[in-house]
J.: 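Structure below; questions to follow.
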Number of protein chains: 4
Amino acid sequence: MTGQERKPVGRPRSARADEAIIDAVLELLATGNTADALSMEAVAATAGVGKATIYRRWPNKEALIVDAVISMKGPVPAVRGRSVRDDLVALLTRVGLHTDGRATRIIACLLPELQRNAAMHGCYQAIIEPRREVMREVLRRGVGTGELRADLDIELALALLSGPMITQNVLRWNPKLAAGGLAERVVDAVLQGIACRTGPAEASS
Amino acid sequence: MTGQERKPVGRPRSARADEAIIDAVLELLATGNTADALSMEAVAATAGVGKATIYRRWPNKEALIVDAVISMKGPVPAVRGRSVRDDLVALLTRVGLHTDGRATRIIACLLPELQRNAAMHGCYQAIIEPRREVMREVLRRGVGTGELRADLDIELALALLSGPMITQNVLRWNPKLAAGGLAERVVDAVLQGIACRTGPAEASS
Amino acid sequence: MTGQERKPVGRPRSARADEAIIDAVLELLATGNTADALSMEAVAATAGVGKATIYRRWPNKEALIVDAVISMKGPVPAVRGRSVRDDLVALLTRVGLHTDGRATRIIACLLPELQRNAAMHGCYQAIIEPRREVMREVLRRGVGTGELRADLDIELALALLSGPMITQNVLRWNPKLAAGGLAERVVDAVLQGIACRTGPAEASS
Amino acid sequence: MTGQERKPVGRPRSARADEAIIDAVLELLATGNTADALSMEAVAATAGVGKATIYRRWPNKEALIVDAVISMKGPVPAVRGRSVRDDLVALLTRVGLHTDGRATRIIACLLPELQRNAAMHGCYQAIIEPRREVMREVLRRGVGTGELRADLDIELALALLSGPMITQNVLRWNPKLAAGGLAERVVDAVLQGIACRTGPAEASS
DNA sequence: CGTTAATCGAGACGGTACGTCCTGTCTTCGG
DNA sequence: CCGAAGACAGGACGTACCGTCTCGATTAACG
């Protein structure tokens, strides 16, 4: 009565083909320039696979790229929970998904596509949002423990912390900012603020 | 007296064609989805111009897009110089180049190329860097007047301020953050910090 | 057992496309004015075929036209062998490849290329030369049977017979010469000569 | 009252430009492959002339080519009038307009255009027809003197004589036929016929 | 001797076609 | 039924000419 899943008949799909295709996509994304510069024919040739084998699994180029990117996601980072500052530094340090440079390069070339292309939101949901949720958790805990202001806008804080890291680490925005230790400096600055504590504070009110 | 430039011979290039082409590119960029989804043939057709007329002016699609985007740049915003906070709010409010929505939409679809594509760096140089320089100036002035900490890392502060605005205003990162008044909130939070002033010890008691 | 030919892999080429393309070329050649007035895009559109499908089969326009023309060739005409005169008349009558008027029109617009264009010599080899060989055979037989002079230069005779027919029937040289029955009159005149039999001395008396 | 010709005002047209253009056309026709392979831009560049200067004189490419070809025509050959045979040989020897090889090469690449292209008939009228008329004259004289049959069809005879020469000398039809002395052999064969005088003549009746 | 007006070279203009490449679908084999 | 191989219709690429058009600069004859 269930009968919803047809028993597969004939030759089963090759797992090796799946891997080869995803690998080829990631390789070409890392090598190439843009997302649309990636051609399905190149993917098929690199993977040693027929084009139909790709289209049997993914409906179009976008869906394939989304899946390829999602396949890169590592485990959601855990935090030690000792202090809010340490946890935030730990999380921001891993904004570039892996230590793997290839992943960073790939995500960089897809970030803006993320907004235009509805299909790409799959990437966002699968990879980025979970990590943001962990950070929200840490921030809420900080408010609870009194490490952070009681009236803190969690989403604003999220933007303050992740914004600089994304523009800097992923988009490589400012070459003058050394990448090393950036997470620490950002966290500290956001925690303490940049205004002068002792000086003419009234000027900024 | 300089006489270095060759006197132009033959029929001069039509200024109307220039305009029509740039207009067509901007229109199609705003309408379309991606930068490479823009086709030169569509540009020619929309502009009512032969393809050769485009290729006579720009060597390829990228160069054309770069020039079209640069053509959108308004004047570099001036600051009133009353207080650092006011100036920063004013600058960040205009991160989305114009109030013009089209420009924002276009720049959003081009940000990916900006990093990957060497040719696109022309946009960066022409549009973004001048605005960043204005902000550096304001920050340096703030250090001088004592409104900002004496040991402030200017580039870091730049990243703290512009990072959230870019990810939020241009990439439309977080739908939960209302765009209105964001600049003000970001500036205030970065100036004051998000940590609890009274210290964690008190908070935990 | 020869096994020299590689077994074909992948989807085989469509025979319908071949036909449609050749048909389109012949139609456009008959309709149009010149060989180069024929545009590949028109061929593709008329045949309902992508341009790539044409270029997959022929490297360029010339090769395509050559094959299209060759495809028109009917069977090499047979001769009855009763008398040399009858056979020659029969052969010359069919100089315009078919009774088909289209073929004649097409071949007429291609004769120029035939000499200049090395690629076009394929047409010559495939169509014209076999027919000339049949005529040579008839002439040699005539020498054997004594119907033709023993010292006859076969190639010269070939030129005497085919030359007028080509210039007249194919190039439409002289509107004053009725095309009907021309083959007969040419053969008779070439066989008998146009000089006065009784000699110039008598004629002048 | 006549006033048909407006007195020319302004700068008169340059005769040097005319020459240079015609020269360039002939040169490119002789060098190139086909009539349409000749590009107006190449003509202008070769002649060192602006394109407008060409189009001011000729309405299109065809008209220009026609005039260029006509400009090659030498004087209509005169005949000595001694014997019909000698005159015919003399005329046929000069079928290739000049001894100039370039002219022959050019006319060869234009001959078939002659039929398709209405505009090209100007060439025919200006160059070929006068020569044919001379030959008709000779043939009529031969009939009068009794050198040729009294019932000779002049147009047929014209075809018999010029046909082989055109196909052979201009279209380079048959490489086995030595070009040298061909005119003589053709004339003799056409005068005497190729049938056996003494043999089974009845076979050809 | 200056005005006038057509011509000159140069080359940009809107188009059309070229031959190449890629997309997403299809059609054949052999496994 | 899946797999590779590759053909299919369609469409964009960047180039080359077409025949027309605009430039500033010549170059004569007219006034």
Side-chain angles (χ1 to χ4, degrees), chain A residues 6 8-14 16-17 36-45 47-61, chain B residues 7-14 16-17 36-45 47-61, chain C residues 7-14 16-17 36-45 47-61, chain D residues 7-14 16-17 36-45 47-61:
Chain A
R6 299 265 292 102
V9 198
R11 176 171 173 178
R13 293 193 179 167
S14 150
R16 287 186 47 203
D36 346 38
L38 176 136
S39 89
M40 295 300 259
E41 306 212 319
V43 172
V49 143
K51 277 202 293 176
T53 302
I54 304 179
Y55 282 105
R56 203 172 288 123
R57 290 161 163 78
W58 292 275
N60 50 48
K61 200 197 290 192
Chain B
K7 179 182 295 183
V9 303
R11 175 174 174 175
R13 297 196 177 162
S14 152
R16 287 186 50 199
D36 356 31
L38 177 138
S39 92
M40 296 301 258
E41 307 212 320
V43 172
V49 142
K51 275 202 289 179
T53 301
I54 304 180
Y55 283 106
R56 207 172 284 123
R57 292 161 162 77
W58 293 275
N60 50 50
K61 201 194 291 191
Chain C
K7 179 180 296 183
V9 302
R11 175 175 174 175
R13 296 195 178 164
S14 152
R16 288 184 48 197
D36 356 31
L38 178 136
S39 92
M40 295 301 259
E41 308 212 320
V43 172
V49 142
K51 275 202 290 179
T53 301
I54 304 180
Y55 283 105
R56 206 173 285 123
R57 291 161 161 77
W58 294 275
N60 51 49
K61 202 196 291 190
Chain D
K7 180 179 292 183
V9 199
R11 177 174 174 174
R13 293 192 180 166
S14 151
R16 288 186 47 201
D36 346 38
L38 177 135
S39 89
M40 295 301 260
E41 306 213 318
V43 173
V49 143
K51 278 203 291 178
T53 302
I54 304 179
Y55 282 104
R56 204 172 288 121
R57 292 160 162 77
W58 293 275
N60 50 48
K61 200 198 289 191

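Sequence lines set the chain letters: A, B, ... in the order given, protein chains first and strands last, and positions in each chain run from 1. Here the structure is a predicted model, which means the values were calculated and not measured. Just the heavy atoms: all of them, side chains too, but no hydrogens, waters or symmetry mates, feed the values below.
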J.: May I ask you to say what B/Lys51 touches in the nucleic acid, namely base, sugar-phosphate or nothing, with a heavy-atom cut-off under 4.0 Å?
T.: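 Contact class for B/Lys51: base.
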J.: Mind checking the NZ-CD spacing from D/Lys51 to D/Glu41? Nearest 0.5 Å is all I need.
T.: 4.0 Å
J.: For B/Gly50 and B/Ala44, work out which heavy atoms get closest and say how close.
T.: C-CB, 4.3 Å
J.: Just call it for D/Arg16: base, sugar-phosphate, or nothing, with non-hydrogen atoms closer than 4.0 Å on any strand.
T.: nothing
J.: Spell out, as yes or no, whether a donor-acceptor pair under 3.5 Å connects the side chain of B/Arg13 to the backbone of B/Arg56.
T.: yes
J.: The side chain of C/Val9 lies closest to which of these nucleotides: F/dG6, F/dC17, F/dC8?
T.: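 Of the candidates, F/dG6 comes closest.
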J.: Mind checking if C/Ile54 touches a base, just sugar-phosphate, or nothing, with heavy atoms under 4.0 Å?
T.: nothing
J.: Name the residue closer to the 5' end of DNA chain F, choosing between B/Met40 and C/Pro12 according to the nucleotide with the nearest heavy atom.
T.: C/Pro12
J.: Looking at every strand, decide which applies to D/Arg13 at a 4.0 Å heavy-atom threshold: base, sugar-phosphate, or nothing.
T.: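 If one applies the 4.0 Å heavy-atom cut-off, D/Arg13 turns out to touch the sugar-phosphate alone, with no base involved.
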J.: Heavy atoms only: give me the nearest B/Arg57-B/Ser14 pair and the separation to one decimal.
T.: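 What the structure gives for the nearest pair is NH2-O, 2.9 Å.
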J.: How would you label the contact of B/Ala52 with the nucleic acid (heavy atoms, under 4.0 Å): base, sugar-phosphate, or nothing?
T.: base
J.: Which residue lies toward the 5' end of DNA chain E, C/Glu41 or B/Arg11, if each is placed at its nearest nucleotide?
T.: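 The 5'-side residue here is B/Arg11.
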J.: Indicate whether OP1 or OP2 belonging to F/dA4 is found under 4.0 Å from a side-chain N or O atom of A/Thr53.
T.: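 So the side-chain polar atoms of A/Thr53 do come within 4.0 Å of the phosphate oxygens OP1 or OP2 of F/dA4, strictly under.
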J.: Of all the heavy-atom pairs spanning D/Ile54 and D/Met40, show the shortest one and how long it is.
T.: CG2-CE, 3.8 Å
J.: Give the first and the last nucleotide of DNA chain E, reading 5' to 3', that has any atom under 4.0 Å from a heavy atom of chain A.
T.: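 The protein-touched segment is E/dC22 to E/dG31.
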J.: Using the closest heavy atom to pick a nucleotide of DNA chain E for each, name whichever of C/Ala42 or B/Gly50 lands nearer the 5' end.
T.: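 Checking each residue's closest nucleotide, the 5'-ward one belongs to B/Gly50.
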J.: Rounded off to whole Å, could you give me the CG-to-P distance for the B/Asn60 and F/dG14 pair?
T.: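 To the nearest whole Å, that distance equals 7 Å.
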J.: If you pin D/Lys61 and A/Arg56 to their nearest nucleotides in DNA chain F, which one's is more 5'?
T.: A/Arg56
